[in-house]
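Just so it is clear, the values below take in all heavy atoms, side chains as well, and ignore hydrogens, waters and symmetry mates. Each chain gets a letter, A, B and so on, in the order the sequences are listed, and its residues count up from 1.
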Protein chains: 2
Amino acid sequence: MTRVEIEYCVPCGMLNRARDVAEAVLRQFGESIDEVALVTGDDGVFVVRADGEVVFDITEDAYDVDEIVRAVRPHVDGRA
Amino acid sequence: MTRVEIEYCVPCGMLNRARDVAEAVLRQFGESIDEVALVTGDDGVFVVRADGEVVFDITEDAYDVDEIVRAVRPHVDGRA
């Protein structure tokens, strides 16, 4: 089972994006992962980790919910 | 700093409620808590914990986002 972590910049107002990623990941893989954590951060951070491994970093890729869900998929047991 | 956990029943379709609680808690206390975790469960579970302590359980109380946010508040550093 898997833990997905979405660390987002609170003062930058990235909560909506973080929430949308959490929802999309859970809608897709809810039966196969343990939890999705919304982790508070600052300094513009928006990073998604699956079991500790970075699968998305806004400093490297454009924000795209579907792409993030696809990047999480290899880390999900059962590949739901 | 505080971890808030929302354990919800995946097959019951409680994701929307869990998401709404996560968002409300982070909107209120985002500067003062570490993370809000959406934890997958089944059997009708809908429990909210703040640092491990149950602050809401759907078997005991009616679902009300504002009430849940109020129940989390005493556990938040700085009482944001």
Exercise. Is there a side-chain contact between B:Leu15 and B:Tyr8, using heavy atoms and a 4.5 Å cut-off?
Worked result: yes
Exercise. Does a side-chain heavy-atom distance below 4.5 Å link A:His75 with A:Val55?
Worked result: yes
Problem set entry | Winner by heavy-atom pair count (cut-off under 4.5 Å) against chain B, out of A:Arg19, A:Glu5, A:Glu7 |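 With the most close heavy-atom pairs to chain B, the winner is A:Arg19.
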Problem set entry | Residue selection (most heavy-atom pairs with chain B, distance under 4.5 Å) from A:Val39, A:Asp42, A:Val4, A:Ile6 | A:Val39
Exercise. Can you say whether A:Arg27 sits under 4.5 Å from chain B via the side chain, the backbone, both, or neither, judging by heavy atoms?
Worked result: both
Exercise. Between A:Leu38 and chain B, which part of the residue has a heavy atom less than 4.5 Å away: side chain, backbone, both or neither?
Worked result: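 Contact with chain B is through both the backbone and side chain of A:Leu38.
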Exercise. Hey, are B:Arg3 and B:Glu53 close enough for a salt bridge, meaning a charged N less than 4.0 Å from a carboxylate O?
Worked result: no
Exercise. Is a donor on one side and an acceptor on the other found under 3.5 Å between the side chain of A:Tyr63 and the backbone of A:Arg17?
Worked result: yes
Exercise. At their closest point, which heavy atom of A:Ala71 faces which heavy atom of A:Pro74, and how far apart are they?
Worked result: O-CD, 3.4 Å
Exercise. For chain A, which of B:Gly30, B:Pro11, B:Ala18, B:Ala22 has the most heavy-atom pairs under 4.5 Å?
Worked result: B:Gly30
